[in-house]
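Each remark here refers to the structure printed beneath this line.
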Amino acid sequence: MTEVAFVTGAGQGIGEAIVKRLADDGFKVAVVGRTLSKLERVANEINAIHPNAALPVLADVAKREDVFAGVAKTIEAFGDLTVMINNAGVAPTTPIMEVDEETIDWTFDINIKGTVWGIQAAVEAFKQLKHGGKIINATSQAGVEGNPNLTVYGASKFAIRGITQTTAKELAPLGITVNAFAPGIVKTPMMFDIAHEVGQNAGKSDEWGMEQFSDGIALGRLSEPEEVASGVAFLAGHDSSYMTGQTLVTDGGMVFH
Ligand SMILES: NC(=O)C1=CN([C@@H]2O[C@H](COP(=O)(O)OP(=O)(O)OC[C@H]3O[C@@H](n4cnc5c(N)ncnc54)[C@H](O)[C@@H]3O)[C@@H](O)[C@H]2O)C=CC1
Ligand SMILES: CC(=O)C(C)=O
């Protein structure tokens, strides 16, 4: 049986590392996101190594109809869907007194609603295809322990752990497992944006902003996206068959739970 994964936010960062790792593991992958040029670059790089393994799929995860249409396109191209990875997310820096309604709505629309639409689209597809499947959601160490200046983002990532647990219980009778992955500080465009804001707020450089994050990491260094992708590959593969409702923390030793 060919494994087929739908990975959102796959045009860069952790999502890009995930689709590349899964393609190396023999998966067909839908490379899902909002910017076609980025999706095509990633898909072309995969297809150059694994012919016809990657399909660029345009979808804004905040729009339910986009996610359902993207899943339909994936099944039409590859004939199946076995794994849904709700990776897309946004991470505004929000000191509590600067939190406004617009930022909450924007973040929750993408991080929380995007995850719910992804779960719904996967469940509908798995039912139609008459088999179970795996759903994997991106949370964060900031969704396991609160981080200062990340109230809105942290709230969305705590919510994703909650959604992971409730749906794991609800969907188990259908043969569907639901797990989450919680990275620490990963060298991606998202993290460089946060470091820029932290540095700027302190009147210092982006590099200084990045260095602030490694202080609290037991392993003493930031994470490569590929180190997150290897954990996700475990969750997407057969070795995690007896695991559901869990959060796999790959943060180099930041939070201990
Ligand atoms: N970079 C880090 O240190 C950490 C990241 N994470 C989580 O991992 C996931 C991936 O993060 P990164 O790769 O670092 O971020 P990134 O910002 O580098 O990449 C995220 C991708 O998601 C896409 N995206 C955003 N909104 C979207 C939407 N509405 N529809 C479709 N695609 C959308 C972006 O265009 C981008 O390509 C996120 O959920 C993030 O919260 C969690 C912990 C740490
Ligand atoms: C981006 C993120 O998840 C952080 C800073 O914890």
Side-chain angles (χ1 to χ4, degrees), residues 6-20 30-42 56-67 69-70 85-94 105-118 121 136-161 164 180-198 209-210 212-217 221-229 231-232 247-252 254-255:
F6 186 92
V7 185
T8 67
Q12 65 184 37
I14 292 170
E16 175 177 354
I18 292 171
V19 284
K20 288 182 170 171
V31 183
V32 186
R34 291 175 303 184
T35 311
L36 192 56
S37 56
K38 288 186 181 181
L39 306 176
E40 284 178 342
R41 177 189 61 78
V42 174
V57 174
L58 263 182
D60 178 343
V61 300
K63 296 184 179 150
R64 191 174 185 274
E65 63 279 14
D66 272 24
V67 181
I85 303 184
N86 294 308
N87 167 73
V90 290
T93 305
T94 51
D105 289 347
W106 175 64
T107 309
F108 285 15
D109 278 356
I110 295 174
N111 294 6
I112 301 181
K113 288 187 193 167
T115 300
V116 172
W117 307 152
I136 301 166
N137 302 322
T139 177
S140 164
Q141 54 79 26
V144 179
E145 183 177 312
N147 280 358
N149 302 321
L150 288 178
T151 292
V152 178
Y153 176 71
S156 75
K157 293 297 178 178
F158 269 83
I160 289 169
R161 286 182 55 230
T164 300
F181 61 98
I185 309 295
V186 192
K187 292 187 229 165
T188 69
M190 171 185 282
M191 208 51 235
F192 286 112
D193 286 348
I194 295 176
H196 174 70
E197 291 191 38
V198 169
M210 258 334 213
Q212 304 317 300
F213 297 118
S214 33
D215 279 354
I217 303 174
R221 63 174 178 85
L222 307 187
S223 166
E224 301 297 333
E226 290 73 19
E227 294 175 303
V228 178
V232 174
T247 294
L248 182 65
V249 181
T250 50
D251 67 356
M254 292 177 78
V255 296

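As the structure is a computational prediction, the values presented were derived from the model and not from experiment. Order of listing sets the numbers, starting from 1, for every ligand and every atom in it.
- For ligand 1 and Asp60, the ligand atoms under 4.0 Å from any heavy atom of the residue are 28 (C), 29 (N), 30 (N).
- Of all the atoms in ligand 1, the ones that sit under 4.0 Å from a non-hydrogen atom of Tyr153 are 6 (N), 7 (C), 40 (C), 41 (O), 42 (C), 43 (C).
- Scanning Met190, Gln12, Glu16 for the heavy atom closest to atom 11 (O) of ligand 1 points to Met190.
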Problem - Test side chain to side chain contact (heavy atoms under 4.5 Å, CB included) applied to Thr188 and Glu16, step by step - result: CA-CA 10 Å; Thr188 69; Glu16 175 177 354; over 6 Å; no
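- With hydrogens and angles disregarded, a donor-acceptor distance shorter than 3.5 Å links the side chain of Trp117 to the backbone of Ala62.
- Closest of all the heavy-atom pairs between Ile160 and Asn137 is CG2-CB, 3.6 Å.
- Distances below 4.0 Å separate heavy atoms of Pro189 from the following atoms of ligand 1: 18 (O).
- Ligand 1 has an N or O atom lying under 3.5 Å from an N or O atom of Arg34, backbone or side chain.
- Atom 32 (N) of ligand 1 has as its closest protein heavy atom Ala88 CB, 3.7 Å.
- Some N or O of Ile14 is nearer than 3.5 Å to an N or O of ligand 1, by distance alone.
- The Ala138 neighbourhood of ligand 1 comprises atoms 39 (O), with distances under 4.0 Å to a heavy atom of that residue.
- Look at Lys63 and you'll find every heavy atom at least 4.0 Å from all atoms of ligand 1.
- Protein heavy atom in closest approach to atom 14 (O) of ligand 1: Thr188 OG1, 2.5 Å.
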Write none if no such pair exists; otherwise list each N/O atom of ligand 2 with its protein N/O partner under 3.5 Å and the distance.
{"unit_1": "ligand 2", "atom_1": "3 (O)", "unit_2": "Ser140", "atom_2": "OG", "d": "2.7"}
{"unit_1": "ligand 2", "atom_1": "3 (O)", "unit_2": "Tyr153", "atom_2": "OH", "d": "2.7"}
{"unit_1": "ligand 2", "atom_1": "6 (O)", "unit_2": "Ser140", "atom_2": "OG", "d": "3.4"}
{"unit_1": "ligand 2", "atom_1": "6 (O)", "unit_2": "Gln141", "atom_2": "NE2", "d": "2.6"}

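- Listed by number with element, the atoms of ligand 1 under 4.0 angstrom from any heavy atom of Ile185 are 3 (O).
- Residue contacts with ligand 1 leave out Ala142, since none of its heavy atoms falls under 4.0 Å from the ligand.
- Looking at Ile110 next to ligand 1, no N or O pair under 3.5 Å apart turns up.
- In terms of protein heavy atoms, atom 31 (C) of ligand 1 is closest to Ala59 O, 3.3 Å.
- Remark: side-chain polar atoms of Thr247 are not paired, donor with acceptor, to backbone N or O of Ala182 under 3.5 angstrom.
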Exercise for the section: Please lay out, stage by stage, how Thr164 and Thr139 fare under the test side chain to side chain contact (heavy atoms under 4.5 Å, CB included). Expected result: CA-CA 9 Å; Thr164 300; Thr139 177; over 6 Å; no
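- For the ligand labelled ligand 1, residue Ala10 lies outside the 4.0 Å heavy-atom shell.
- Looking only at heavy atoms of the protein, atom 3 (O) of ligand 1 is closest to Val186 N, 2.7 Å.
- Rounded to the nearest 0.5 Å, atoms CD (Glu145) and OG (Ser140) are 11.0 Å apart.
- For the ligand labelled ligand 1, residue Ile194 lies outside the 4.0 Å heavy-atom shell.
- If you check which protein heavy atom lies closest to atom 10 (C) of ligand 1, you get Asn87 OD1, 3.3 Å.
- The closest approach between any non-hydrogen atom of Phe181 and ligand 1 is not below 4.0 Å.
- Annotation: Val61 places an N or O atom under 3.5 Å from an N or O atom of ligand 1; distance criterion only.
- Closest approach of Leu36 to Pro56, counting heavy atoms only: CD1-CB, 4.4 Å.
- Every atom of ligand 1 with a heavy atom of Gly13 under 4.0 Å away is listed here by number and element: 13 (O).
- Neither the backbone nor the side chain of Lys38 has any atom closer than 4.0 Å to an atom of ligand 1 (non-hydrogen atoms only).
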